[in-house]
Every structure is written in structure tokens, then in C-alpha cells.
Amino acid sequence: MSLKNSKIIIVKIGSSLLVDENKKIRKKWLYSFAKDIKHLKKKNKKVVIVSSGAIALGCIKMKFNKKNLKLDQSQAIASIGQIELMNLFSKIFSKHKLNISQILLTLEDTEERRRSLNAKRTFDNLFNLDFIPIVNENDTIATSEIKYGDNDRLASRVAQITNADTLVLLSDVNGLYSKNPKIFSDAKLIKKVENLNKELKDINFKGINEFGSGGMNTKIEAAKICQLSGCDMIISNGLYLNPIDRILKRDEYTIFLSKVSKLHARKKWIISSVSPKGELIIDDGAKKALRNSKSLLAAGIKKVNGNFKKGDHIRILDKSNKECARGLCSFSSDEIKKILGHHSNEIEKILGYITKSEVVHKDDMVEI
Ligand code: GLU
């Protein structure tokens with residue numbers, strides 16, 4: 001899918017785009033970037049920004065050199081710099097009347113199903129409120145063993161969680177080359193990658209990995225995650241002003257195309273999840289609705305078996321106990337016991353708090 005047709009877009013920006021080699025903040029660039037985001041928003045696209053820069057901005061404020069920092073020191077610096085980073089975004093984005101929010105994620109938040117489902121809800125709600133989430137790794141608490149350490153892979157997980165159509169990695173390189181362009185004059189920019197494994201075999205990686213702050217390795221890892229999630233990924237040189245506009249106007253970047261559909265990828269993930277934690281027995285009306293690709297509502301549920309939490313993997317059975325679907329449940333088994341058989345607009349009153357109206361959303365369900 002082209003960037004133009006994408007509905008949900010994740011843009012990752014590296015520290016080198018925000019701060020130049022003289023440790024000066026590239027305000028003019030950020031201003032032009034915000035203008036590009038404004039254009040995307042005007043076209044009704046949902047946008048998430050994954051931004052590095054907490055440590056870089058923390059170092060500027062404290063006049064420290066990043067190279068001399070130990071892990072625990074860099075965590076304190078990230079804590080100082082993250083506020084600087086968000087202040088910078090807030091100042092510049094508000095000039096374009098763009099609302100921003102902050103999401104700090106750890107590796108576990110994205111790897112564990114329940115937590116990633118929760119994160120998805122938060123992203124969805126922020127989209128509905130017309131806010132642009134700005135994501136970074138929660139550097140202040142993540143230790144080296146449970147750390148992404150690079151925002152390339154974090155951004156690809158965010159793309160997966162939000163069901164994004166395209167992830168744009170704005171880097172300080174033009175894209176993926178056949179050879180190191182600094183050494184070989186015949187190095188070619190690979191504009192389109194359709195079969196990642198095949199394409200990678202033909203690349204001479206000598207020196208290529210040094211490009212970009214996270215190197216090419218983490219970008220390729222990110223591309224692999226995107227390909228499995230039904231999300232296309234672009235690597236483009238973000239050092240230019242109006243970097244998104246540039247992608248829309250010139251094809252001087254690498255795009256990794258995903259062959260699987262987004263829905264297919266998500267459903268495959270659901271069906272391949274670990275053993276289901278419980279069962280919902282539904283009536284004929286609900287079964288018919290499921291066959292017509294509708295969500296499962298409380299009104300059609302007759303019985304709950306097992307103890308499960310919100311976000312758990314469950315089986316859906318018809319009244320003769322035949323399995324008809326599997327899915328991720330938006331309610332716990334205790335909650336469902338209270339609301340089964342009831343109309344969706346009664347749920348809030350029964351439970352005493354606001355929830356989703358679908359017990360299993362159609363996007364979280366696979367028919368069997
Ligand atoms: N999370 C780090 C920061 O904000 C950056 C990680 C990266 O550059 O990929 O400084």
C-alpha cells in the first residue's frame with residue numbers, strides 16, 4: 001500500500017534528525033516535519049510518532065557526553081531529556097494546532113498479549129480524541145536485558161499493535177543499498193523489497209550496518225516484523241526539510257512490501273495463540289451474526305466456562321457445544337457472568353463503569 005492510501009501511519013524519527021552534529025536542536029526541521037504531519041491529519045490519517053532523543057536532549061541540558069554514560073546514568077539522563085523532548089514537540093506542534101500525547105513503552109508492554117491489547121485500546125482512544133501519540137521506549141526503567149535499545153524495532157511493534165498500514169523509518173540514510181555506497185560507486189538504492197529473505201542474500205552488507213543510528217540490522221529486523229503484520233515499511237532519508245512530503249513526491253527510498261493482509265496477520269496471531277483460557281456458549285442468533293462477520297455481543301451469550309481475564313484467548317461454542325470461533329475477549333469471565341443475555345447499552349449500568357460494547361470484537365475473532 002502506498003503512503004498516500006495508508007490510513008494508519010507510524011513515523012519513527014531518530015535522534016540525528018532532532019539534534020545536529022554541533023548538538024543544536026534542528027527546530028526548523030521539526031517545524032517542517034510538523035507541517036507534513038498536519039497535511040496527513042488533514043487527509044484524515046491516523047498518525048503515531050515514535051521519537052528518539054530523550055538521551056540526546058538530556059545530554060545537551062546536562063552538558064554530558066553520551067559516550068561516557070553508564071546504563072544507570074543514561075536512564076537518569078533519559079528521564080531528564082524525555083521532558084525536554086516532549087516540551088519541544090509540544091511547542092512546535094501547537095503552532096500547527098496539533099494535539100500530542102506521550103506513551104512510554106517497555107519491551108514487555110509490546111510482547112505480552114494482554115498488555116499490548118491494552119496499549120491498542122489507548123492508541124485507538126487517542127485517535128478518536130484526535131491526538132497524536134508520541135512514543136518512546138521507557139528508557140528510565142528498562143534494563144539492558146529487557147530493552148529494545150533501538151526505536152526501529154519498537155516502532156515496528158507499535159505498527160503491529162495499532163494495525164498500521166505503513167511504518168516510515170526516517171533515518172540519516174536514503175534506504176537499503178545493494179552495497180555500501182560510500183565504498184562502491186555502483187551501489188544501487190533498492191527501491192522495492194518484495195521478498196525480504198531472497199533480497200537480503202544478494203546484498204553485500206560490508207559496512208552497511210554502520211549506517212543509521214540503529215544500524216541497518218535493526219531496520220531489517222523491523223521490516224521482518226512489519227512483513228508478518230501486513231504493514232509496509234519505508235526507510236527514507238529524513239534529514240531533508242518536509243521529509244514526509246518528500247516521500248510522497250519522489251521515489252528515492254526503500255519500501256518493504258508486506259504480502260499478507262493486515263486482517264489475515266492479526267487473525268493468524270489470534271489462532272496461533274497459546275491454549276484458550278475459557279469458553280463462551282452462544283445462541284443461534286449470535287452464531288448467525290458471527291457467520292456474517294459481526295462482533296459477539298453480550299445479548300447472544302448463554303453461558304461462560306472457565307476463569308479468564310480481559311484480553312485472554314477464548315473459544316466460542318454454539319449451543320450443541322460445537323466450536324464456531326476463537327477470539328480475544330474484551331471482558332473477564334466474571335464480568336461476562338453479570339452481563340450475559342443483556343443488551344449492550346445496559347452493560348455500563350450493570351458493571352458500574354464504561355467498557356467496550358462488543359464482548360469479542362470481529363477484528364479479534366477467527367471463525368472456525
Ligand atoms: N530511546 C532512546 C532515546 O530516546 C533512543 C533509541 C534509539 O535511538 O533508537 O534516546
Side-chain angles (χ1 to χ4, degrees), residues 10-21 23-26 29-30 33 48-90 92-93 100-111 119 132-161 167-173 209-226 233-239 243:
I10 317 296
V11 185
K12 181 253 167 180
I13 56 181
S15 307
S16 60
L17 305 183
L18 289 172
V19 179
D20 68 16
E21 58 276 9
K23 312 241 180 303
K24 285 269 165 313
I25 293 167
R26 301 179 72 224
W29 178 85
L30 192 57
F33 174 70
V48 176
I49 297 168
V50 178
S51 179
S52 308
I55 297 178
L57 293 188
C59 281
I60 293 179
K61 189 177 165 85
M62 302 305 290
K63 301 194 173 53
F64 281 174
N65 186 341
K66 193 178 166 189
K67 287 195 187 99
N68 303 333
L69 296 177
K70 297 206 182 75
L71 177 71
D72 52 347
Q73 288 171 320
S74 71
Q75 291 185 304
I77 295 298
S79 158
I80 296 167
Q82 183 63 29
I83 304 187
E84 300 291 310
L85 183 65
M86 293 313 284
N87 272 339
L88 185 64
F89 271 104
S90 170
I92 291 179
F93 274 53
I100 59 158
S101 73
Q102 170 185 273
I103 299 189
L104 297 178
L105 290 172
T106 61
L107 184 76
E108 289 155 310
D109 294 326
T110 59
E111 302 296 285
I132 301 167
I134 302 195
V135 180
N136 198 357
E137 183 164 12
N138 197 346
D139 289 317
T140 58
I141 54 161
T143 60
S144 54
E145 312 83 68
I146 54 154
K147 207 167 159 30
Y148 276 108
D150 64 273
N151 278 359
D152 295 328
R153 286 174 304 156
L154 173 69
S156 67
R157 283 289 188 213
V158 170
Q160 189 176 38
I161 290 171
L167 163 64
V168 181
L169 298 181
L170 289 179
S171 180
D172 42 14
V173 287
N209 277 335
E210 289 143 32
F211 287 119
S213 27
M216 203 40 87
N217 260 343
T218 54
K219 291 179 178 49
I220 287 171
E221 286 308 313
K224 286 182 187 162
I225 295 170
C226 283
M233 189 184 101
I234 290 173
I235 303 178
S236 177
N237 196 331
L239 285 169

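For this chain, numbers begin at 1 and follow the sequence in order. This is a predicted model, so every value here is computed, not measured. For ligands, and for the atoms within them, numbers begin at 1 and follow the listed sequence.
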Full working for side chain to side chain contact (heavy atoms under 4.5 Å, CB included) between S51 and I13: CA-CA 5 Å; S51 179; I13 56 181; 3.7 Å; yes

Checking side chain to side chain contact (heavy atoms under 4.5 Å, CB included) for the pair F89/L30: CA distance, chi angles, key distance, verdict? CA-CA 8 Å; F89 271 104; L30 192 57; 3.9 Å; yes

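Considering both main-chain and side-chain atoms, A56 never comes within under 3.5 Å of ligand 1 through any nitrogen or oxygen pair. Taking only nitrogen or oxygen atoms, main chain and side chain alike, K12 does not reach within less than 3.5 Å of ligand 1. Among the atoms of S15, none of the N or O lies under 3.5 angstrom from an N or O of ligand 1. At under 3.5 Å, a nitrogen or oxygen of D139, whether backbone or side chain, sits near a nitrogen or oxygen of ligand 1.
Taking every heavy atom of G53 and a limit of under 4.0 angstrom, the matching atoms of ligand 1 come to 3 (C), 4 (O), 10 (O). For ligand 1, the atoms sitting less than 4.0 Å from at least one non-hydrogen atom of N136 are 1 (N), 3 (C), 4 (O), numbered in the order shown with element in parentheses.
Taking 4.0 Å as the cut-off between side-chain N and carboxylate O, D20 and R26 do not count as a salt-bridged pair.
Side chains of S90 and N87: no donor on one and acceptor on the other come within 3.5 Å.
W29 places no side-chain N or O within donor-acceptor distance of the main-chain N or O of P243, the cut-off being under 3.5 Å. Side-chain N or O atoms of Q75 include one that pairs as donor or acceptor with a backbone N or O of D139 at under 3.5 Å.
By the criterion of a heavy-atom distance under 4.0 Å, both the backbone and the side chain of N151 are placed next to ligand 1.
Across S52, G14, S51, heavy-atom proximity to atom 8 (O) of ligand 1 is greatest for S52.
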